[in-house]
Each structure stands twice: as structure tokens, then as C-alpha cells.
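If you read the sequence from its start, that first residue is 1, and numbering goes on from there. Only a predicted model underlies this, so the values are computations on that prediction, with no experimental measurement involved.
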Amino acid sequence: MIDIKLKHLLLGVAACSISMQAEIVLPGIYTDNMVLQRNSTVTVPGTAAPGAQVTMRADWLAAPVSGKADRNGKFSLELETPDYGGPTRLY
């Protein structure tokens, strides 16, 4: 049987991990059916909880791009765009 203190500790850890999901907000220019310049670097700014880890994936990238929001909650990720093609997905 689990000790009551251990049970409370486990519940607290579970509650913290659930509440740490940060809402990520991108500027309104990032919408469905947008067009990105090919063969370039696109900077994607946004806001999240201060210190939150932010990860973005794109169909054309081999690996996700990650960064961390600063103490004000601002972040900026840089994505290399492909030569041509599409449609693709950014998520």
C-alpha cells in the first residue's frame, strides 16, 4: 500500500506536469494557405510562458527546430525553407 505522503507527492507532480502546458501564440500572419519564400530562412516569432521550451516541425525539415521563450515569454525560431513543392505543413 502506498504511503499517504508519497501519494500526495505523486499527485502534486502529476498536477504540475499537466499545468505546465504552455499556450503558444504566433502572429496573425501565420495562417492556413500562407506562402513562404523558397530557399530562404524564415523567422517565426511568438510568445509562450516565460522559460517554456518551444518546438516547431515542418514537413520538409528532417528534424524539429526548438528554442526557449525568454523571461518575457518571447521566442524566435528560424526555419530553412525548401527549394519548391507543396503543399506542406508547419506545426
Side-chain angles (χ1 to χ4, degrees):
M1 186 154 184
I2 297 178
D3 180 63
I4 193 75
K5 287 182 183 180
L6 179 57
K7 189 175 182 179
H8 285 149
L9 176 65
L10 292 174
L11 286 172
V13 169
C16 287
S17 65
I18 291 169
S19 67
M20 291 182 77
Q21 294 292 329
E23 181 180 7
I24 296 171
V25 179
L26 299 178
I29 62 170
Y30 297 96
T31 63
D32 292 345
N33 302 312
M34 69 181 189
V35 177
L36 298 175
Q37 178 68 42
R38 70 180 192 166
N39 295 325
S40 65
T41 301
V42 175
T43 301
V44 181
T47 59
Q53 183 72 23
V54 179
T55 301
M56 186 168 284
R57 293 172 176 82
D59 289 348
W60 67 86
L61 294 175
V65 176
S66 295
K68 194 172 186 178
D70 66 16
R71 63 187 179 104
N72 297 317
K74 294 181 181 184
F75 68 86
S76 181
L77 302 176
E78 291 188 351
L79 302 145
E80 299 295 323
T81 60
D83 184 27
Y84 63 89
T88 58
R89 197 172 108 183
L90 184 61
Y91 53 102

Backbone N or O of E80 within a donor-acceptor pair of the T41 side chain at under 3.5 Å?
no

Heavy atoms from other residues, nucleotides or ligands near OH of Y84 exceed 12 (cutoff 6.0 Å)
no

Any idea which heavy atoms bring [X] and [Y] closest together, and the distance?
X	Y	result
P27	P45	CD-O, 3.0 Å
L77	S66	CD2-C, 3.6 Å
T81	V42	CG2-CG2, 3.3 Å
L26	F75	CD2-CZ, 4.0 Å
A69	A49	CB-O, 3.4 Å

Is there any salt bridge (Lys or Arg N to Asp or Glu O under 4.0 Å) pair reaching into residues 42-65, and which pairs are they, with sequence neighbours excluded?
none

Donor-acceptor contacts, no H, no angles, side chain residues 29-38, under 3.5 Å, sequence neighbours left out:
residue, atom, partner, partner atom, Å
Y30, OH, T43, O, 2.8

side-chain contact (heavy atoms from CB on, under 4.5 Å) evaluation trace for M56 with L90:
CA-CA 7 Å; M56 186 168 284; L90 184 61; 3.7 Å; yes

Spacing of T47 atom OG1 and K74 atom NZ [to the nearest 0.5 Å]
9.0 Å

To the nearest 0.5 Å, atom CD1 of I24 lies from atom OG1 of T55 at 7.5 Å

